[in-house]
K.L.:
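Sharing a structure with you now.
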Amino acid sequence: GEDVEQSLFLSVREGDSSVINCTYTDSSSTYLYWYKQEPGAGLQLLTYIFSNMDMKQDQRLTVLLNKKDKHLSLRIADTQTGDSAIYFCAEIPNDYKLSFGAGTTVTVRA
Amino acid sequence: DAGVTQSPTHLIKTRGQHVTLRCSPISGHKSVSWYQQVLGQGPQFIFQYYEKEERGRGNFPDRFSARQFPNYSSELNVNALLLGDSALYLCASSLDLAPTFGAGSRLTVL
């Protein structure tokens, strides 16, 4: 099974906030990542957070990290139709391998 | 500045054949990793190379091999193709701990 777990689907109304949740298993992971994948495309790095931080904000994106519970979330403010995509959470349990979740498909409805 | 480039973008092979996929990293990036993404799943780690040396290998059979050249470009080779090898093969390069992915090579095995 996956070491990183995410809910599979999220539907959100345009203009609302989206929150995507993720749990990971390896407490030694130094960085945690959020990637976005649009249909037929590769992975786009959205943001990442160092494990000694509990929050990082980057324009419309806010990452929250609860290291005790091994829980990571990505909040997208003012969600737009262009935000429709699959979002992957990933940890890096050693210094060379990314371990991904199965991805959360976000659908933005008008 | 060019991102990570992969070739070919799409290819179709039959069972038992061999395939070579190519990746050019971002200029200055010395680390290249390969991932396999089966439809509906997150990417799975195959290999990482750094300075032409293999640093890590995922849980893939010996039919999968790779190498990195002096210019840091890389090839992924898969022998004796199986139907289950059909996937998007992603290459990522990194300078630090923020890997950047290419658009991928979509392999279909018939």
Side-chain angles (χ1 to χ4, degrees), chain A residues 1-9 20-26 28-53 56 58 61 63 72 74 85-106, chain B residues 2-10 21 23-26 29-51 53-60 66 68 74 87-108:
Chain A
E2 300 284 354
D3 294 327
V4 177
E5 293 190 354
Q6 305 177 235
S7 53
L8 294 182
F9 300 100
I20 307 166
N21 295 300
C22 165
T23 56
Y24 61 97
T25 56
D26 196 317
S28 67
S29 290
T30 50
Y31 287 89
L32 295 141
Y33 303 82
W34 285 102
Y35 283 88
K36 175 184 180 182
Q37 187 174 38
E38 298 186 58
L43 299 176
Q44 174 194 352
L45 178 64
L46 287 178
T47 187
Y48 59 96
I49 187 167
F50 188 50
S51 59
N52 69 352
M53 299 170 65
K56 180 179 180 181
D58 184 1
L61 305 178
V63 179
L72 183 73
L74 175 69
I86 303 175
Y87 291 80
F88 291 96
C89 168
E91 62 175 342
I92 193 161
N94 48 49
D95 63 357
Y96 61 82
K97 166 190 166 184
L98 279 169
S99 182
F100 288 88
T104 300
T105 299
V106 174
Chain B
V4 178
T5 58
Q6 293 187 241
S7 64
T9 54
H10 295 82
L21 308 177
C23 172
S24 292
I26 292 171
H29 288 193
K30 298 180 180 179
S31 171
V32 170
S33 299
W34 288 95
Y35 290 79
Q36 181 196 64
Q37 186 180 21
V38 173
L39 194 64
Q41 298 181 19
Q44 297 292 317
F45 172 77
I46 310 176
F47 286 109
Q48 192 202 53
Y49 278 78
Y50 179 78
E51 290 277 17
E53 296 290 324
E54 182 183 303
R55 289 188 71 199
R57 183 188 181 112
N59 188 24
F60 280 82
Q68 187 177 32
S74 178
L88 180 67
Y89 288 85
L90 294 162
C91 173
S93 75
S94 60
L95 186 63
D96 47 24
L97 283 174
T100 301
F101 283 81
S105 294
R106 185 165 297 281
L107 170 65
T108 302

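Labels below follow one simple rule: chain letters A, B, ... track the order of the sequence lines, proteins then strands, and each chain is numbered from 1.
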K.L.:
For residues A:Phe88 and B:Pro43, report the shortest heavy-atom separation together with the two atoms involved.
P.N.:
CE2-CD, 4.1 Å
K.L.:
Heavy atoms under 4.5 Å from chain A: which residues of residues 98-107 of chain B carry them?
P.N.:
B:Ala98, B:Pro99, B:Phe101, B:Gly102, B:Ala103
K.L.:
A:Tyr31: what forms a side-chain contact (heavy atoms from CB on, under 4.5 Å) with it, not counting sequence neighbours?
P.N.:
A:Tyr33, A:Tyr48, A:Phe50, A:Ile92, B:Leu97
K.L.:
Say you draw a straight line from CD of B:Gln44 to NZ of A:Lys97; how long is it, rounded to the nearest 0.5 Å?
P.N.:
8.0 Å
K.L.:
With a 4.5 angstrom heavy-atom cut-off, is it the side chain or the backbone of A:Thr30 that approaches chain B, or both, or neither?
P.N.:
side chain
K.L.:
Is B:Tyr50 in contact with chain A via its backbone, its side chain, both, or neither, using a 4.5 Å heavy-atom distance?
P.N.:
neither
K.L.:
State whether the number of non-hydrogen atoms from other residues, nucleotides or ligands found under 6.0 Å of A:Asn52 atom CG is greater than 12.
P.N.:
yes
K.L.:
Side chain from CB out, backbone as N, CA, C, O: work out which of these in A:Gln37 comes under 4.5 Å of a heavy atom of chain B, or both, or neither.
P.N.:
side chain
K.L.:
Using non-hydrogen atoms and a 4.5 Å limit, figure out which bit of B:Gln6 sits close to chain A: side chain, backbone, both or neither.
P.N.:
neither
K.L.:
Rounded to the nearest 0.5 Å, what separation is found between the CG atom of A:Leu98 and the CD atom of B:Gln48?
P.N.:
9.0 Å
